[in-house]
Amino acid sequence: MALKDIQVTGNKDTRSGFGDGIAEAARNNPNIVALTADLAGSLKLNQFMKEFPERFIQCGIAEANMMGIAAGLTIGGKIPYTTTFANFSTGRVYDQIRQSIAYSGKNVKICASHAGLTLGEDGATHQILEDIGLMKMLPGMTVIVPADYNQTKQATMAIADFEGPVYLRFGRPVWPIFTKPEDEFVIGKAQKLSDGTDVTIFACGHMVWNAVQAGIAMEEKGISVEVINIHTIKPLDEEAVLNSLRKTKCAVTAEEHNIIGGLGDSIAQVAAKNFPVPIEYVGTKDTFGESGKPVELLKKYGLDVPDIIAAAEKAISRK
């Protein structure tokens, strides 16, 4: 598919994709239970609560306890989905996740909304920008960062059938829907959105749409761009990464996360080991965020479409 052929079919927040996805998954699997730390509305659990009140656990503002309860539920064969903001899903409870979930390989699905700068007005204390790094470093933890409403719904359903701990990261703002409901979603398998020969843009989450827009603008200038949606950060689709790098011989990584420890470092590590090429990072530069409108924050912190274009042109110049 050419980038210019990608159609926007609507606008919706990715957290709504999670809410719709967990409700549908629960209809098919009676072992799915949902836990929340006083944020059922923010995590779009209303439909789940309406249909499955006996499978909903309100833990209150006690995130660490929620992780412990979730770990215990797996022993009885349940598939617990924990829900709260990304900051509280990781940084606040890292010890509980490491010791009670990751260390023992518990089948807990850690579902985290309001991630990144696009949380917006709640500001730096809530805009966690290091959670992908925290979670991908845990042995055995799968890390998924879907791109839009449809893909978040697909991912939420897919992790129900996946055995082992998962970190699913999504967001708050209304965002373009550009993947198709029928698109295949496979954990650990990258989604190529276009073929190109001059530069590869690897992106995740909200930044995939910005990467598509950047690619369209560059192709209008005669630059051939390959855009790959890395919705699964770990396990990384190394085959897809290397196949693309061998073709384009340079890359840009784009993520709503610190450039230290996130998607960019995962791509760079694979390249350094197997096929070293110039790589430019688009992400926050070792900084906290601040309160503001989501789109304005992306512009201020260098995560906008022009920033991806500039990074791509620099990567090409370094070949």
Side-chain angles (χ1 to χ4, degrees), residues 8-61 63 66-67 69-70 73 78-90 107-116 118-120 122 126 128 131 142-162 166-183 185 187 204-206 208-209 231-232 256 294:
V8 174
T9 57
N11 294 278
K12 208 168 189 180
D13 49 329
T14 50
R15 59 178 171 154
S16 287
F18 168 74
D20 291 344
I22 191 174
E24 187 163 335
R27 294 179 195 120
N28 300 320
N29 190 329
N31 286 319
I32 291 175
V33 295
L35 300 81
T36 194
D38 203 35
L39 286 170
S42 293
L43 271 291
K44 303 296 183 178
L45 289 174
N46 292 333
Q47 187 62 34
F48 182 97
M49 293 162 60
K50 179 180 178 181
E51 293 187 43
F52 311 104
E54 76 286 356
R55 290 154 62 182
F56 171 73
I57 302 173
Q58 173 59 265
C59 298
I61 306 175
E63 293 85 357
M66 178 173 67
M67 295 301 171
I69 293 171
L73 285 167
K78 301 302 181 184
I79 304 172
Y81 282 58
T82 68
T83 65
T84 184
F85 292 176
N87 188 32
F88 308 144
S89 289
T90 57
N107 192 31
V108 176
K109 316 308 175 185
I110 302 165
C111 304
S113 183
H114 293 59
T118 52
L119 168 57
D122 286 2
H126 286 48
I128 194 161
D131 54 318
T142 293
V143 179
I144 301 174
V145 187
D148 65 0
Y149 165 86
N150 283 336
Q151 195 163 77
T152 306
K153 182 178 178 181
Q154 291 173 328
T156 303
M157 296 171 65
I159 62 177
D161 298 322
F162 179 86
V166 173
Y167 180 60
L168 178 63
R169 183 195 210 240
F170 43 94
R172 177 187 190 183
V174 171
W175 210 250
I177 302 171
F178 59 95
T179 68
K180 298 176 182 178
E182 65 272 18
D183 284 349
F185 181 88
I187 295 171
C204 65
H206 293 134
V208 178
W209 176 241
H231 55 66
T232 306
E256 194 182 342

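In terms of heavy atoms, Pro176 sits closest to Asp148 at O-CB, 3.5 Å. The shortest heavy-atom contact between Ala23 and Phe52 is O-CE1, 3.9 Å. Residue Gly171 comes nearest to Asp13 through the heavy atom pair O-CB, 4.4 Å, listed as atom of the first residue, atom of the second, then distance. Closest approach of Ile110 and Thr82 over heavy atoms only: CA-OG1, 3.4 Å. Heavy-atom minimum distance, Ala26 versus Ile32: N-CD1, 3.9 Å. When all heavy atoms of Ala70 and Leu35 are compared, the pair lying nearest together is N-CD2, 4.0 Å.
Residue pairs meeting the salt bridge (charged side-chain N to carboxylate O under 4.0 Å, His left out) criterion with at least one partner in residues 48-60, sequence neighbours excluded, are Arg27-Glu51.
Contact of the Ser113 side chain with the Phe18 side chain is not registered, since no non-hydrogen atoms from C-beta on lie closer than 4.5 Å. For the pair Ile61/Glu63, a side-chain contact is recorded, criterion being any heavy-atom separation below 4.5 Å from C-beta on. Between His206 and Pro173 the shortest side-chain heavy-atom distance falls below 4.5 Å. By the 4.5 Å heavy-atom criterion applied to side chains, Phe170 and Thr156 are not counted as neighbours. Counting heavy atoms from C-beta on, the side chains of Lys109 and Ile79 come closer than 4.5 Å.
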Exercise for review: Start with the C-alpha distance between Met49 and Thr36, add both sets of side-chain angles, then the distance that settles side chain to side chain contact (heavy atoms under 4.5 Å, CB included), and finish with yes or no.
Suggested key: CA-CA 11 Å; Met49 293 162 60; Thr36 194; over 6 Å; no
Check your understanding: Passes side chain to side chain contact (heavy atoms under 4.5 Å, CB included), Leu73 versus Ile57? Steps please.
Key -> CA-CA 11 Å; Leu73 285 167; Ile57 302 173; 3.8 Å; yes
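Note on ring orientation: taking the six-membered ring where Trp is involved, the planes of His126 and Phe88 are perpendicular (angle over 60°, cut-offs 30° and 60°).
Of the candidates Thr179, Ile144, Asn150, Ile144 is the only one forming a side-chain contact (heavy atoms from CB on, under 4.5 Å) with Phe185.
The salt bridge (Lys or Arg N to Asp or Glu O under 4.0 Å) check on Lys44 picks up nothing, with sequence neighbours excluded. Residues forming a side chain to side chain contact (heavy atoms under 4.5 Å, CB included) with Ser42 (at least two apart in sequence, or on another chain): Arg15, Leu39, Phe85, His114.
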